[in-house]
Each structure stands twice: as C-alpha cells, then as structure tokens.
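Note that the structure is predicted; figures quoted are calculated from it, not measured.
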Amino acid sequence: MKTGAKKITRQAVCLAATTLILAEGSTTTLDVKNHLRNRGYRAYQAEVSTWLFAVAQQQNWAINDNGTYRVYYFAPLTALPARLTNRTKNN
C-alpha cells in the first residue's frame with residue numbers, strides 16, 4: 001500500500017460493497033478491502049469488517065455467515081400486496 005493512502009469511511013465501504021454486490025451478486029470483506037485498496041484507500045480487513053457489518057444492518061442487507069466469513073447480499077425483494085397490484089390494473 002502507498003503511504004498517504006486515504007482513510008476508509010463508512011460511505012466508502014458502503015459504495016464499494018454496493019458496487020460489488022451489483023456487479024457480482026454478493027460480496028465479502030476481503031472483496032471490499034481489495035476494491036478499496038485498488039482505489040487508494042488504506043483498508044484493513046478488521047476495520048472493513050466492522051464498517052461493512054454496520055452498513056449491512058442499517059441497509060437491511062442479507063448476511064450469510066458460514067462460520068469462516070460473511071457473505072453480503074441485498075435483501076430479497078418482496079411482492080407488492082394484491083390490493084396494490086389490482087388497483088393499478090383497474091385504473
């Protein structure tokens with residue numbers, strides 16, 4: 001890593017994770033750490049893990065903890081209630 005690298009922030013972790021989930025369908029702290037490092041951030045796995053877990057909880061992302069690492073996904077979409085879908089059909 002370069003000296004003078006940028007310090008990571010919650011926003012940087014959120015943007016990196018969102019980008020990776022959109023591109024790959026899921027992400028891990030290792031993926032986010034590498035993504036941030038490639039963009040000039042001073043990113044360490046423990047710090048990324050703390051930020052990413054907080055972001056995922058706040059954004060209601062799905063987390064699969066397999067005992068070795070966590071995999072982060074966007075929460076599945078739910079269907080609209082029938083009363084809302086029928087209303088649009090009748091108008």
Side-chain angles (χ1 to χ4, degrees):
M1 266 184 306
K2 301 178 213 171
T3 57
K6 299 178 273 188
K7 183 171 173 27
I8 66 169
T9 63
R10 182 187 178 287
Q11 292 80 11
V13 170
C14 184
L15 180 60
T18 300
T19 300
L20 291 167
I21 294 170
L22 287 171
E24 304 293 330
S26 65
T27 196
T28 64
T29 56
L30 178 61
D31 296 333
V32 173
K33 179 194 78 171
N34 291 335
H35 184 85
L36 290 168
R37 283 188 177 182
N38 289 337
R39 279 147 188 82
Y41 286 90
R42 182 178 60 246
Y44 297 99
Q45 191 114 6
E47 188 177 12
V48 170
S49 180
T50 300
W51 280 117
L52 186 53
F53 189 72
V55 166
Q57 287 185 314
Q58 195 239 351
Q59 297 291 327
N60 294 318
W61 291 351
I63 304 169
N64 179 16
D65 188 339
N66 68 11
T68 304
Y69 55 88
R70 295 180 190 132
V71 180
Y72 296 86
Y73 311 84
F74 293 139
L77 297 175
T78 57
L80 289 173
R83 63 183 173 79
L84 293 178
T85 56
N86 288 337
R87 184 180 306 157
T88 59
K89 288 180 185 175
N90 294 333
N91 288 338

According to the salt bridge (Lys or Arg N to Asp or Glu O under 4.0 Å) rule, which pairs have a member within residues 49-69, sequence neighbours left out? Asp65-Arg70
CG of Asn64 to OH of Tyr69: how many Å apart, nearest 0.5 Å? 9.0 Å
Can you measure from CG (Leu30) to CG (Asn34) and round to the nearest 0.5 angstrom? 4.5 Å
Verify same cluster id: Ile21, Leu52 (apolar side-chain graph, 4.5 Å): yes
To the nearest 0.5 Å, what is the distance between OG1 on Thr29 and CG on Leu36? 11.0 Å
Residues passing the ring-ring contact (aromatic ring centres under 6.0 Å, His included) test with Phe74, sequence neighbours excluded, are Trp61
Heavy-atom nearest pair, Val32 first then Ala16, reads CG1-CB, 4.0 Å
Under the side-chain contact (heavy atoms from CB on, under 4.5 Å) rule, what do Tyr44 and Arg37 come out as? Steps first, then yes or no, please. CA-CA 9 Å; Tyr44 297 99; Arg37 283 188 177 182; 3.8 Å; yes
How long is the gap from SG on Cys14 to CD on Gln58, to the nearest 0.5 Å? 7.5 Å
Got a second to check how far Leu20's CG is from His35's NE2, nearest 0.5 Å? 5.0 Å
Can you confirm whether more than 12 heavy atoms, excluding those of Glu24, are under 6.0 Å from its CD atom? no
Indicate yes or no: at least one non-hydrogen side-chain atom of Lys7 is less than 4.5 angstrom from one of Glu47. yes
Spatial distance of atom NZ (Lys6) from atom OH (Tyr41) [nearest 0.5 Å]: 4.0 Å
Check the hydrophobic clustering (I, L, V, M, F, W, Y; side-chain heavy atoms under 4.5 Å; chains of links allowed) and say if Ile63 and Val48 are grouped together. yes
